[in-house]
Every structure is written in C-alpha cells, then in structure tokens.
Amino acid sequence: MESRRLQKEFEELFKLSAPGTQSIVSAHMVGNDMHHLKGIIKGPPDTPYSGGTFIVDITIPPDYPYKPPKMKFDTKIWHPNISSQTGAICLDILKDEWSPALTIRTALLSLQALLCAPEPDDPQDAVVASQYKNHPQEWARTARQWTQEYAKDIEQVHREQIQRLMEMGFEEEVVRKALESAGWDEEAVVNSLLG
C-alpha cells in the first residue's frame, strides 16, 4: 500500500515540478530514495515572503501515510512557527492532527498557508513570535530581508552550488550530474566527490 500510495503522490508532485509549470508547491526525490524529498514552496504574494523560493527537507517514515512526513525548512526563514536556527516547523498537521487522507502536497500547501497566516501564540521560535506580536513592522522588515538573502530562485541556487563546487576544482558536467543525482544536496555531493 505504502509504495503504491507514494508512487501516486510522486506522479502528482513531479507533474507540478515539470519545466514550464508555475505551481506554488512541488517536490522531487533526493537521488533514488523514495523516502527523502526536497519540497519547494513559492513565497505567497502580499507577504514578506513574496518572491522567495523555500526548500523543505521531507523524510517519509516507514509507516506513512499513517504517520506524518517529517519536514523542516532548509531555507532560512524568519517566521514565528519555524525555527530561525534549525528550520523545525510547528504545524499541527505535521504532528497530532495528521490524517492518512492528507498528502505530501497538502502538507506543502499547508506550509505555504502558514506563511500567509503565522500563529504567534503557538510558536516554534519565541523571539520571532515576540517580534511579530510586539513590533510587526520590524518583523516584516526582517522577514523580507531574510527572504531576499536566503530564499533565492531555485535556478540561481543551483548555479551558485555548481560554481562553489567548480571552485573546488571539479568540472562543471561532473558537478551538475552529481548534484542532479543527489537531489541538489551539496553536502552529499562534496562527500561523494571527495570520498
């Protein structure tokens, strides 16, 4: 059941990731591991996250869909419900409110909705939540700055990864193939190329 369910979800997610599509959420496998994905969330318009592209690390547990996927932001983000240090997420559907009727896509859409409507009374990051409640303009300014600095367009991120690895002495084609097969996990590629 699990692998058929995952296969169906992957097909839906991969359609959303196809070149030329403008989906607000998508995902792809890391290498050939069906239990490790990278989700991509577009920053919602009319929020401090507008224009940003946020990467979410997704681990599918063996008892999925009866247990929720484990998700954390790889992209640094200034948000009351997401740790500014670790990317850990405070969202009920990723914990006790998960239902097998939910999917990876609906979880990503819920994260995108959380970017639109922070819940400062149930924070993951108390400092950010306090700023959100007590100094909203300063919070919005910081969230915009972090979005501009860290939530770059995915193609730009890929170009920067390739450039960093080429500066280590590796050829562009080798670097590109290694990154693509590792789901653009730069650390894994460095370990692979140097190992």
Side-chain angles (χ1 to χ4, degrees), residues 2 6 9-10 13-14 16-17 23-44 47-49 52-100 102-129 131-132 139 142-143 145-154 157-158 160-161 179 182-191:
E2 173 209 344
L6 278 175
E9 285 193 45
F10 289 161
L13 283 166
F14 298 153
L16 298 173
S17 303
S23 179
I24 56 173
V25 299
S26 60
H28 61 271
M29 275 194 293
V30 175
N32 293 322
D33 186 352
M34 284 182 54
H35 292 92
H36 189 197
L37 306 172
K38 293 292 181 179
I40 300 169
I41 300 173
K42 299 289 186 189
T47 71
Y49 311 108
T53 301
F54 299 89
I55 310 298
V56 177
D57 189 72
I58 305 167
T59 304
I60 310 295
D63 43 4
Y64 179 84
Y66 304 105
K67 296 285 185 196
K70 294 185 182 348
M71 296 185 166
K72 74 175 200 64
F73 274 76
D74 281 350
T75 306
K76 288 180 66 97
I77 184 169
W78 192 254
H79 189 286
N81 306 106
I82 303 162
S83 171
S84 59
Q85 300 300 309
T86 66
I89 302 164
C90 182
L91 181 63
D92 58 357
I93 68 157
L94 295 178
K95 295 178 181 155
D96 52 336
E97 294 298 318
W98 176 259
S99 160
L102 298 172
T103 65
I104 297 161
R105 181 174 184 273
T106 57
L108 288 169
L109 288 169
S110 295
L111 287 177
Q112 207 247 7
L114 186 65
L115 297 184
C116 293
E119 297 286 341
D121 293 326
D122 187 20
Q124 178 68 36
D125 194 311
V127 171
V128 179
Q131 187 185 54
Y132 179 85
W139 168 82
T142 304
Q145 287 172 340
W146 278 43
T147 298
Q148 290 167 357
E149 185 171 343
Y150 301 113
K152 299 174 184 169
D153 174 75
I154 196 71
V157 170
H158 290 172
E160 290 173 2
Q161 289 177 303
L179 284 166
W184 296 90
D185 184 334
E186 188 173 349
E187 185 177 334
V189 169
V190 168
N191 292 335

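All values below were derived from every heavy atom in this structure, side-chain atoms included, with hydrogens, water molecules and symmetry-related copies excluded.
The shortest side-chain heavy-atom distance between V25 and I40 does not fall under the 4.5 Å cut-off. For the pair P123/V128, no side-chain contact is recorded, criterion being any heavy-atom separation below 4.5 Å from C-beta on. Considering only heavy atoms from C-beta on, V127 stays 4.5 Å or farther from Q131 through its side chain. Looking at I58 and H36, their side chains never come closer than 4.5 Å, going by heavy atoms from C-beta outward. Two residues are said to be in side-chain contact when any heavy atoms from C-beta on lie closer than 4.5 Å; L115 and I77 meet this criterion. Counting heavy atoms from C-beta on, the side chains of S84 and W146 come closer than 4.5 Å. For the pair I60 and I104, the minimum side-chain heavy-atom distance is below 4.5 Å.
Surrounding CG of N32 are at most 12 heavy atoms belonging to other residues, nucleotides or ligands under 6.0 Å away.
Rounding to the nearest 0.5 angstrom, the gap separating the CG atom in L108 from the CD1 atom in I24 is 10.0 Å. For the atom pair L37 CG and F10 CZ, the distance stands at 4.5 Å (nearest 0.5 Å). To the nearest 0.5 Å, atoms CD1 (I82) and CD1 (I89) are separated by 6.0 Å. Atom CE of M34 sits about 9.5 Å away from atom CD of E9, to the nearest 0.5 Å. Rounded to the nearest 0.5 Å, atoms CZ (R105) and CG (L109) are 4.5 Å apart. Rounded to the nearest 0.5 angstrom, D74 CG and D57 CG are separated by 5.0 Å.
Here the side chain of W98 pairs no donor or acceptor atom with the backbone of P69 at under 3.5 angstrom. No side-chain donor-acceptor contact under 3.5 Å links T147 to the backbone of G52. With hydrogens and angles disregarded, no donor-acceptor distance shorter than 3.5 Å links the side chain of S83 to the backbone of D125.
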- prompt: Would T53 and K152 satisfy side-chain contact (heavy atoms from CB on, under 4.5 Å), going step by step from the backbone distance to the final call?
  reply: CA-CA 6 Å; T53 301; K152 299 174 184 169; over 6 Å; no

(message) Working note: C90 + K95, criterion side-chain contact (heavy atoms from CB on, under 4.5 Å); need CA distance, chi angles, decisive distance, verdict.
(response) CA-CA 8 Å; C90 182; K95 295 178 181 155; 4.0 Å; yes

- Message: I'd like to know whether F54 forms a side-chain contact (heavy atoms from CB on, under 4.5 Å) with H79, so could you lay out the CA-CA distance, the side-chain angles of the two residues, the decisive distance to 0.1 Å, and finally the verdict.
- Response: CA-CA 12 Å; F54 299 89; H79 189 286; over 6 Å; no

Check: Can you check side-chain contact (heavy atoms from CB on, under 4.5 Å) on M71 and L91, steps first, answer last?
Finding: CA-CA 10 Å; M71 296 185 166; L91 181 63; over 6 Å; no

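Taking every heavy atom of both residues into account, A129 and P120 meet most closely at CB-O, 3.7 Å. Summarising the geometry of L94 relative to A107, their closest heavy-atom pair is CD2-CB, 4.2 Å, with the distance given to 0.1 Å.
Between H158 and W184, the two ring planes are parallel [angle under 30°; tilted spans 30° to 60°]. Classification of the W139-Y49 ring pair by plane angle, with boundaries at 30° and 60°, yields perpendicular.
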